[in-house]
Colleague: 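A single structure is presented below for examination.
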Number of protein chains: 2
Amino acid sequence: MSVQSVDRALDVLEALAEHGGAASLSQIAARTGLPYGTIHRLLRALLDRGYVRQESDRRYALGSTLVRLGGAAERLVGTWARPYLEKLVALSGETANLAVMEGNFVVYIAQAASSRRLRMFAEVGRRVLPHSTAVGKVLLAARPDAAEVLARTGLPRRTPHTVVSAPEMLAELDLVRARGYAADLGEEEPGVHCLAVPVRDGDRVVAAMSVSGPAGRIDALDRAELALGMLAVADDFGAEVGPALRPGRPAPVP
Amino acid sequence: MSVQSVDRALDVLEALAEHGGAASLSQIAARTGLPYGTIHRLLRALLDRGYVRQESDRRYALGSTLVRLGGAAERLVGTWARPYLEKLVALSGETANLAVMEGNFVVYIAQAASSRRLRMFAEVGRRVLPHSTAVGKVLLAARPDAAEVLARTGLPRRTPHTVVSAPEMLAELDLVRARGYAADLGEEEPGVHCLAVPVRDGDRVVAAMSVSGPAGRIDALDRAELALGMLAVADDFGAEVGPALRPGRPAPVP
DNA sequence: AAGAGCTTTCCACGATACGGAAAAGTCCTT
DNA sequence: AAGGACTTTTCCGTATCGTGGAAAGCTCTT
């Protein structure tokens, strides 16, 4: 139920992105499994529009049109979210993020950085699996099909603390639902702890907001109290812009 | 020599961007001239991949995948350009930008900010008409079809200093070609002056670099001397990464 | 100089996207 | 509330448009 050539063109773009933004035709072929002729034709189409540029060594790289388009998309999402994320920064002193579910992945779509010297690096645009992050757990906890998602993605170990057993994760999701927030205690990145709460549009969870920082500083905070404050911010945000984040369809199966 | 459905899908994305990132199906139809059924099918394909989101009022908006891709593209272009832009900042003390021509527009694709308190705001991703900016004049001066571009875009007045007559602008472009750099003396934004130089790949101008800041500070500098320094930096940059900026096709006519 | 590897072009086939038109849904207006 | 106008979504037969294998053309090694 989609357009083959568009789908493949997007595959090509994403293959480029995963190669750090630049790759040769054969590298793209290896990654996408598409025939050379096809890739070349798609690249020409993207080239004509500035979505891709060709370097002097014939490799292909993501082009400047994407900078503009991505900027527009980011501004769109960012303008809505910024004031609320800044409230979270004020509340916690740590970097705040907004994330949504995209297929089986979690994508960070906006950020407000803490003003502290030691702080989380910008990760707007980053895609991670849900099982090893606080935002992921919140989003997963809201899905009736959480078990299937985990079955599809697996629970790869990211650090010694990552929860790698599906039943254990499902039990933790019950806990998340019960207390209304999720924690990540160095499960995605060693030494980095996070707290996340759901953003609701009515009774539906459409996104998650989190604060993250060095383990020591996060653990020094009263977790339940901070979560309470975060929930208030997230509820305000959800009431204002929730509908705009609502996904078009339930869950694309890979 | 391109793929119809990919081309149209990109038209749809760009139509969305031009509507401020969100638009209804019929608005997209009005802008692209494509039949409803076709647009709907393309939107579904983009929806499935997260390039577009559907809001609760059924309007379509640019999606979060674009944030990720745009970020990757920006990082890519930025990495190449940063060291050179920073040299310009060191040279002038002002914010430096890299811009390319995209169709009839000028797009800023990278920036290095001045460390001064009063400085230009980030404008990566911004699209402006060429006649009212220093980078625009440099890029226009390099095109044999400058007159046609001006005829297509017009020369809308942005400030009291904007040059709004095409013959006058063409005369100024001659001057730009002759002396090798262009100036914008408050023609795009009141009180903001810029100096721009071409980035060459061989004998071809593929981009422009500029420094911009408050009128007083820019005017205090020796313009010819600064331009000379900037040209040296731009030539180095062009020699290293010029080919990657080379546009794929001449100029899409709107 | 010649080869190996990668990129680009070509072309006949048929799968795929097209798009008009009808159905379904939504939102004003009376 | 109910009708009507508009917008969005679905449908389906047809012709077009994209497909991909294979050959030609480059470029950089051995």
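We name chains A, B, ... by the order of the sequence lines, and we start the count at 1 in each one.
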Colleague: Tell me the interatomic distance from B/L43, atom CG, to D/dT9, atom P, rounded to whole angstroms.
Modeller: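 One finds 8 Å between P of D/dT9 and CG of B/L43, rounded.
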Colleague: Are A/R8 and A/D11 ion-paired here, with the side-chain N under 4.0 Å from a carboxylate O?
Modeller: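 Answer for the salt bridge query: no.
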Colleague: Polar pairs (N or O, both sides) under 3.5 Å between protein and nucleotides 10-15 of chain C?
Modeller:
none

Colleague: Is the phosphate of D/dT9, meaning OP1 or OP2, less than 4.0 Å from a side-chain N or O of B/H40?
Modeller: yes
Colleague: If the condition is side chain to side chain donor-acceptor pair (under 3.5 Å), which residues does A/E148 pass it with, not counting sequence neighbours?
Modeller: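 Side chain to side chain donor-acceptor pair (under 3.5 Å) check on A/E148 returns nothing, list empty.
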Colleague: What heavy-atom pair brings B/L69 and A/L13 nearest, and what distance separates the two atoms?
Modeller: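 Minimum heavy-atom contact is CD2-O, 4.0 Å.
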Colleague: Out of D/dG18, C/dT9, D/dT9, which has the shortest distance to the side chain of A/R44?
Modeller: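 Per side-chain heavy atoms of A/R44, the pick is C/dT9.
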Colleague: Measure from the side-chain heavy atoms of A/Y36 and tell me the nearest of C/dT7, C/dT9, C/dC18.
Modeller: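 Among the listed nucleotides, the one closest to the side chain of A/Y36 is C/dT7.
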Colleague: Based on the rotation axes of five pairs at each end, what angle does the helix from C/dA1-D/dT30 to C/dT30-D/dA1 bend through, to 10°?
Modeller: 40°
Colleague: With sugar-phosphate meaning primed atoms plus P, OP1 and OP2, does B/S26 contact a base, only sugar-phosphate, or nothing at under 4.0 Å between heavy atoms?
Modeller: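 Contact class for B/S26: sugar-phosphate only.
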Colleague: Using whole Å, what does the distance between atom P of nucleotide C/dC6 and atom CD of A/Q27 come to?
Modeller: 10 Å
Colleague: Under 4.0 angstrom, heavy atoms only, what part of the nucleic acid is A/T38 near: base, sugar-phosphate, or nothing?
Modeller: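 The answer is base, as A/T38 lies within the cut-off (heavy atoms under 4.0 Å) of a base atom.
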Colleague: How many Å lie between CG on B/L34 and P on C/dA17, as a whole number?
Modeller: 16 Å
Colleague: Considering all heavy atoms of both residues, which atom of A/Q111 and which atom of A/L85 are nearest to each other, and what is their separation?
Modeller: N-CD1, 3.7 Å
Colleague: How many Å lie between CZ on A/R59 and P on D/dT27, as a whole number?
Modeller: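 Going from CZ in A/R59 over to P in D/dT27 covers 17 Å.
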Colleague: Is there a side-chain polar atom (N or O) of A/S24 under 4.0 Å from OP1 or OP2 of C/dC6?
Modeller: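 For C/dC6, neither OP1 nor OP2 has a side-chain N or O of A/S24 closer than 4.0 Å.
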Colleague: Measure from the side chain of B/R8, starting at C-beta and using heavy atoms only, and say which of D/dT8, C/dC18, D/dT9 lies closest.
Modeller: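 Out of D/dT8, C/dC18, D/dT9, the nucleotide with an atom closest to B/R8's side chain is C/dC18.
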